[in-house]
Each structure stands twice: as C-alpha cells, then as structure tokens.
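First the proteins, then the strands, lettered A, B, ... as listed; each starts at 1.
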Amino acid sequence: MPLTVTTWNINSVRLRIDLVLRYLAEAAPDVLCLQETKCPDAEFPRSALAKAGYEHIIHRGMKGYNGVAIIARRPLREAGRLTFCGKEDARHIAAEIDGDDGAPVLLHNLYIPAGGDIPDRDENPKFGHKLDFLAELTEWSERLRNDNSRAVLVGDLNIAPFESDVWNHKALLKIVSHTPVETEALNRLRDIGGWTDAIRHLVPQPNPLFTWWSYRSSDWSAADKGRRLDHIWVGEGLRPLIHSHHVRREARGWERPSDHVPVALTLAG
DNA sequence: ATGGTGGTCCTACCA
C-alpha cells in the first residue's frame, strides 16, 4: 500500500473547509499537511474532516496567524513541535505514521516565515526573522540527520530555490522568496540535512513548476507568474520510494481559492 | 515603477 502525502497552505482552514473536503474527496491522500490554518485549536473543524474519513488530526494553531495541521486517514502518533527564534508562533508540528512497509515514517510540517517585502535584515526585521529561522532549522536538521532517514519534510517554505521555480529568474533576484541569500540558505539546509527535493526529483530542471500565484493578479493562469514555494523533501531511506507526484494547479481556480495549491507525493516500494 | 488582492478581526497586521 503506497503512502501519499499532500502539503497545502490553505490560508484559513475555517473559511476554506469546503475546498479541503473537495480536495480530500477527489485526491484521497493518506495525509494532508496544512499551513496557515489561522485557527485556534479549540475551533479546528475536526468533525467535518472526521466525517470525510480523516479522523486522525493534530493541530497547532493560534488566533489570526500561522497554524499547522496534520490530517490522516490512518493513525498518527504525535512527534513533537519545534519553536524557532524564541517565538511560540505555531510554525511546526510533527507526527509519525506507519509506512507502506509497516515501518514508521516521521512527518515534519513547516511554515517558514514569508519575510516581508524588503530583502534586507536591517531595514526589515521580518527578513531577519526568516534568515534566523532558516539558520535554526539548519542546525536542527544537521543535528538530526541520522534520524531523518525515514522522515518527510513538507510545507510552505516560502522560498523558490531554483531558476525554474519562478516565472522569471532575473526579474525575481531581488524579490523576497528568490534572493540569493534565501535560496542559498534553503539549498544548504536541504543538503546538510540529507534531504532530497522529491518533487524536483520527479520534475527535473529546467521544467518550470509553480505552486503559488499571487492574489494581486487579475488573470493568474494566463499570466502564469507563479513560484514554487511549497515543497516535499524526503530523507535518505525514503529516496528509493519516490514514486509519483501531483501539483493540483486547478485548485487555484476554485471559488474563493487559497493562493497556494496542493502538492502531493506518493511513496511506494 | 507602481499598485495590485486576500484573511483576520476592528485596527492594523500579515501574506
């Protein structure tokens, strides 16, 4: 039995619960990892998800901002939560699930800070926070490299690391999410942690691949000025199981959409 | 070069 894991920045799980249910009905992943739930834990829409067959849910949320959840058809075991930069801002949650070979797979769901508009830590503290967050994440990943062999790291990493991850590489070099200091930090995190970018493994450069299109564009599909901000990485032990993927681009055209679309990876022996 | 659109929750803040 293969294992399909989806990541999706939902931009309010309560406002878009019908889109979540639609996606689950159509794609039927084993696990759905959400970011930006913008929802306190007590108000998470558990019953609607349970009714759809997804009764195993762990959520770490807060009022108004951030928030991450892991939702599954099969049992989950809570596996901790990390805090970064001394902030309790609900940007990571972890869980364990049994893989298709019966051995556990560790899931890390992350929401990396967006970083504001100005790519300079002196002028823009949010950009400094993003870089500091990446530095702490890199230390963590380096320390735990040996434990990450059967781990999957997913989430809105808010960085498009490769040239073909943005609609125009040169035009975006000074735009937060594609500046060299960010892409180098993300590449270093990936390499130091022993992670493989599973989606790029399946869709190698220079094929363009996007998972996010700004709301500030009247015709997102025709203009297609997208970026690949949402990622699925796997540890060394899972690399041979990378089987297939799906970027659900059509979800950007659903009514009242998130600006991000679901990205799914199937692991199979 | 600029301003463009959304969500949360009442005043800006975040993306």
Side-chain angles (χ1 to χ4, degrees), chain A residues 7-23 33-45 48 59-69 83-92 109-121 123-134 137 154-161 165-168 170-179 182-183 186 210-231 249-263:
Chain A
T7 181
W8 193 7
N9 178 320
I10 193 62
N11 189 16
S12 174
V13 69
R14 283 176 289 178
L15 187 70
R16 289 188 237 287
I17 185 62
D18 290 345
L19 299 190
V20 174
L21 295 174
R22 174 175 177 180
Y23 174 74
C33 296
L34 297 176
Q35 303 86 34
E36 281 206 273
T37 56
K38 297 187 173 178
C39 179
D41 290 337
E43 287 153 58
F44 195 82
H59 179 242
R60 179 185 182 191
M62 57 192 286
K63 193 164 112 178
Y65 312 107
N66 308 328
V68 283
T83 54
F84 299 91
C85 306
K87 294 175 191 279
E88 285 287 345
D89 54 1
R91 292 180 179 274
H92 170 268
N109 183 13
L110 271 166
Y111 176 46
I112 292 182
D117 288 332
I118 304 167
D120 181 314
R121 69 156 67 235
E123 288 181 54
N124 169 21
K126 285 191 256 183
F127 194 72
H129 177 219
K130 184 177 196 175
L131 297 180
D132 293 343
F133 191 104
L134 284 161
L137 195 54
V154 312
D156 177 2
L157 306 187
N158 265 315
I159 297 172
D165 291 336
V166 294
W167 65 278
N168 183 328
K170 281 189 179 168
L172 290 184
L173 277 171
K174 291 181 177 172
I175 302 297
V176 172
S177 74
H178 196 61
T179 65
E182 292 170 90
T183 58
L186 194 72
F210 310 141
T211 65
W212 172 90
W213 294 262
S214 173
Y215 284 127
R216 302 174 188 179
S217 151
S218 51
D219 196 346
W220 70 273
S221 189
D224 202 20
K225 295 183 173 181
R227 305 178 203 169
R228 191 174 71 104
L229 303 179
D230 304 276
H231 300 276
R249 182 184 167 107
E250 66 267 31
R252 184 63 179 77
W254 290 352
E255 194 179 342
R256 288 248 265 174
S258 169
D259 45 355
H260 297 252
V261 300
V263 178

So A:Phe84 and A:Phe133, would you call those rings parallel, tilted or perpendicular, with 30° and 60° as cut-offs?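 Taking A:Phe133 first and then A:Phe84, their aromatic rings sit tilted (interplane angle of 30° to 60°).
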Taking the [atom1] atom in each of [N] and [M], what is the distance between them to the nearest angstrom?
N: B:dC10; M: B:dC14; atom1: C1'; value: 15 Å
N: B:dT5; M: B:dC9; atom1: P; value: 23 Å
N: B:dT2; M: B:dT8; atom1: C1'; value: 26 Å
N: B:dA12; M: B:dA1; atom1: C1'; value: 26 Å
N: B:dG7; M: B:dG3; atom1: P; value: 23 Å

Distance check, rounded to the nearest 0.5 Å: A:Arg121 atom CZ versus A:His129 atom NE2?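 A:Arg121 atom CZ to A:His129 atom NE2 measures 11.0 Å (nearest 0.5 Å).
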Working to the nearest 0.5 Å, report the span between CG of A:Asn66 and SG of A:Cys39.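 Answer rounded to 0.5 Å: 12.5 Å.
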Check whether the side chains of A:Arg227 and A:Ser177 place a donor and an acceptor atom closer than 3.5 Å, and report yes or no.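 On atom types as modelled, these side chains qualify, holding a pair under 3.5 Å.
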Flag for A:Thr7-A:Gln35: side-chain donor and acceptor within less than 3.5 Å: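 There is such a pair between these side chains.
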Separation of atom [atom1] in [X] from atom [atom2] in [N], rounded to whole Å:
X: A:Leu157; N: B:dA15; atom1: CG; atom2: P; result: 15 Å
X: A:Lys130; N: B:dC14; atom1: NZ; atom2: P; result: 15 Å
X: A:Tyr65; N: B:dC14; atom1: OH; atom2: P; result: 6 Å
X: A:Ile112; N: B:dC14; atom1: CD1; atom2: C1'; result: 17 Å
X: A:Asp117; N: B:dG3; atom1: CG; atom2: C1'; result: 12 Å
X: A:Ile175; N: B:dG3; atom1: CD1; atom2: P; result: 15 Å
X: A:Asn66; N: B:dT8; atom1: CG; atom2: P; result: 13 Å
X: A:Glu43; N: B:dC9; atom1: CD; atom2: C1'; result: 12 Å

[X] side chain near [N] phosphate (N/O to OP1/OP2, under 4.0 Å):
X: A:Arg16; N: B:dG7; answer: yes
X: A:Arg256; N: B:dG7; answer: yes
X: A:Ser12; N: B:dG6; answer: no

Which nucleotide sits closest to the side chain of A:Lys63: B:dG6, B:dC9, B:dA15?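 So the side chain of A:Lys63 is nearest to B:dC9.
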Heavy atoms from C-beta onward define the side chain here; which of B:dC9, B:dA15, B:dG7 lies closest to that of A:Arg14?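 The listed nucleotide nearest to A:Arg14's side chain is B:dC9.
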For a quick check of understanding: with a heavy-atom distance under 4.0 Å over all strands, which category does A:Arg91 fall into, base, sugar-phosphate or nothing?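 Result for A:Arg91 = sugar-phosphate.
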Report the residue (A:Leu15 or A:Arg216) whose heavy-atom-nearest nucleotide on DNA chain B is the more 5′ of the two.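 Result of the comparison: A:Leu15.
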On DNA chain B, compare the nucleotides closest to A:Ser217 and A:Gly64; which residue's is nearer the 5' end?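 So the residue in question is A:Ser217.
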Counting only Watson-Crick pairs (N1-N3 plus N6-O4 or O6-N4) and G-U wobbles (N1-O2, O6-N3), all under 3.5 Å, who is the partner of B:dT2?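 No nucleotide pairs with B:dT2.
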With a 4.0 Å cut-off, would you call A:Glu88 and A:Arg60 a salt bridge?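 Looking at A:Arg60 together with A:Glu88, the answer is yes, because their closest N to O distance falls below 4.0 Å.
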